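Just follow the structure's listing: the first ligand is 1, and inside any ligand the first atom is 1. All of these numbers come straight from a predicted model, not from anything done at the bench. Computed from heavy atoms alone, side chains included, the values below leave out hydrogens, waters and symmetry copies.
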Amino acid sequence: MKILVLNSGSSSIKYKLFDIYNSSFDVLAEGMVDRLGQEGSVLKYDRRVEDNIISEKLEREIKDHRDGLKQISDLLIDPKIGVLESSEDLNAIGHRIVHGGEKFSGQMVIDQEVKNQIKSLFDLAPLHNPPNYTGIEVCEEVFPGIPQVGVFDTAFHQTIPEVAYRYAIPESWYTDHHIRAYGFHGTSHRYVTEKAREFLGNANSKKIITLHLGNGASMAAIKDGQCVDTSMGFSPLAGLIMGTRSGDLDPSVPIYMINNHNLSAGEVDKILNKESGLYGIGGDSDMRDLEQRMKKGDKSASLAINMYTYRIKQYIGNFTAIMNGLDTLVFTAGVGENSDFIRKEICRNLDYFGIELDKNLNSNRSEMVRKINSENSKINILIVPTNEELAIAQRTYDVLER
Ligand code: ADP
């Protein structure tokens, strides 16, 4: 069975084609269309030929999503460099959909009803759901008759109880305008939770905190495999300090800036999403650059990193309290998987919670799921590489099998 996974964003389309055979998911090809509709648009295409990966970077005009998906499809079935016999060789398409609102707690075969519901959520996720939706509509044209499945970033968080997802605002804001915490990165939190529980056994992983630390960053509290709280909220702006997003902030700050400093709501929105976080404090959004500067004694880089790890510690305390305990911490995504320094800073002075890293295990590099806590640590500390595309392919496969 062959499944194409698509992440259709506002200016890019990422794709990965899986071949599923005897429950193993092999990647046949992957890549992205970048700078859609802009000057310098480019189509990247990596394909597997036996055990080698052959990469192509094709600079060409790509006008819009339709054009981008058509060009991806043409490449995949190209007689010389394609990996499919024809577009009918494809069995399904799995779409990453950012916002599923309260309607979707799992993956869904996309029919007209599901499309209408995704559309009805445009107001809640104006940057993400419209291009996700365009991806679905264009696939109906480019891959006619191929089943499409939606996998929602919010779905895994639908088990969060009302006491945690409601905000203390007038009830009508919730009932009339759907203002509540939804949580995001759910596909990744779910994937690493399942891997951690496979690795440790369910009895040793009843109370997990997952830390997805990439450019965007969020944490989730997982009890017996079900999400009970998460750091992102109504939007992906809440919670942790991120590359360019502020994370939690007194809600009166944006109002104050609009009322007293001549900023429009749109400008404040842009600043909190794109010019805040690590970048706002330390002038860089990339953790590697900040670490290097901190090691050379740069004060603003140090402050950015210290604030970043301080916020994460606050959430470890928060989630440990609401679960009445903790047995496992799971690090994932770019920073979580790769930065031994940030992991060390996060785990430092948490011995009250029984969290203790092993210095050597923490600095070893590997692509595998691995344990990095000391023998004395009461808490398992794991690194679990995330793989959102694989998770979407698996969810898509599950729906089709059912
Ligand atoms: P995205 O949210 O875009 O998928 P990633 O999960 O790829 O992001 O994470 C990107 C972040 O990971 C960047 O801040 C980058 O600096 C950081 N990162 C990647 N490798 C390392 C490393 N070796 N040390 C520190 N940070 C790293």
Per-pair distances, ligand 1 N/O vs protein N/O, less than 3.5 Å:
unit_1   : atom_1 : unit_2 : atom_2 : d
ligand 1 : 2 (O)  : N215   : N      : 3.1
ligand 1 : 3 (O)  : N215   : ND2    : 3.0
ligand 1 : 6 (O)  : G334   : N      : 2.8
ligand 1 : 8 (O)  : N215   : N      : 3.2
ligand 1 : 12 (O) : V335   : N      : 3.3
ligand 1 : 14 (O) : M287   : N      : 3.2
ligand 1 : 16 (O) : D286   : OD1    : 2.4
ligand 1 : 16 (O) : D286   : OD2    : 3.4
ligand 1 : 16 (O) : M287   : N      : 3.1
ligand 1 : 16 (O) : R288   : N      : 3.4
ligand 1 : 16 (O) : R288   : NE     : 3.3

Show every donor-acceptor pair shorter than 3.5 Å between a side-chain atom in residues 2-21 and any protein atom, with sequence neighbours excluded, or say none if there are none.
unit_1 : atom_1 : unit_2 : atom_2 : d
S8     : OG     : P131   : O      : 2.8
Y15    : OH     : K44    : O      : 2.7

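For the pair R180 and Y165, the distance from NZ or CZ to the six-membered ring centre is under 6.0 Å and the angle to the ring normal is within 45 degrees.
Relative ring orientation between H185 and H212 is described as parallel, the plane-to-plane angle staying below 30° on a 0-90° scale split at 30° and 60°.
Residue pairs meeting the salt bridge (charged side-chain N to carboxylate O under 4.0 Å, His left out) criterion with at least one member in residues 354-376: none, sequence neighbours excluded. Each salt bridge (charged side-chain N to carboxylate O under 4.0 Å, His left out) pair with one or both residues in residues 128-156, not counting sequence neighbours, appears once here: R66-E141, R96-D153, K115-E137, K115-E140.
Heavy-atom neighbours of D26 CG from other residues, nucleotides or ligands within 6.0 Å: above the threshold of 12.
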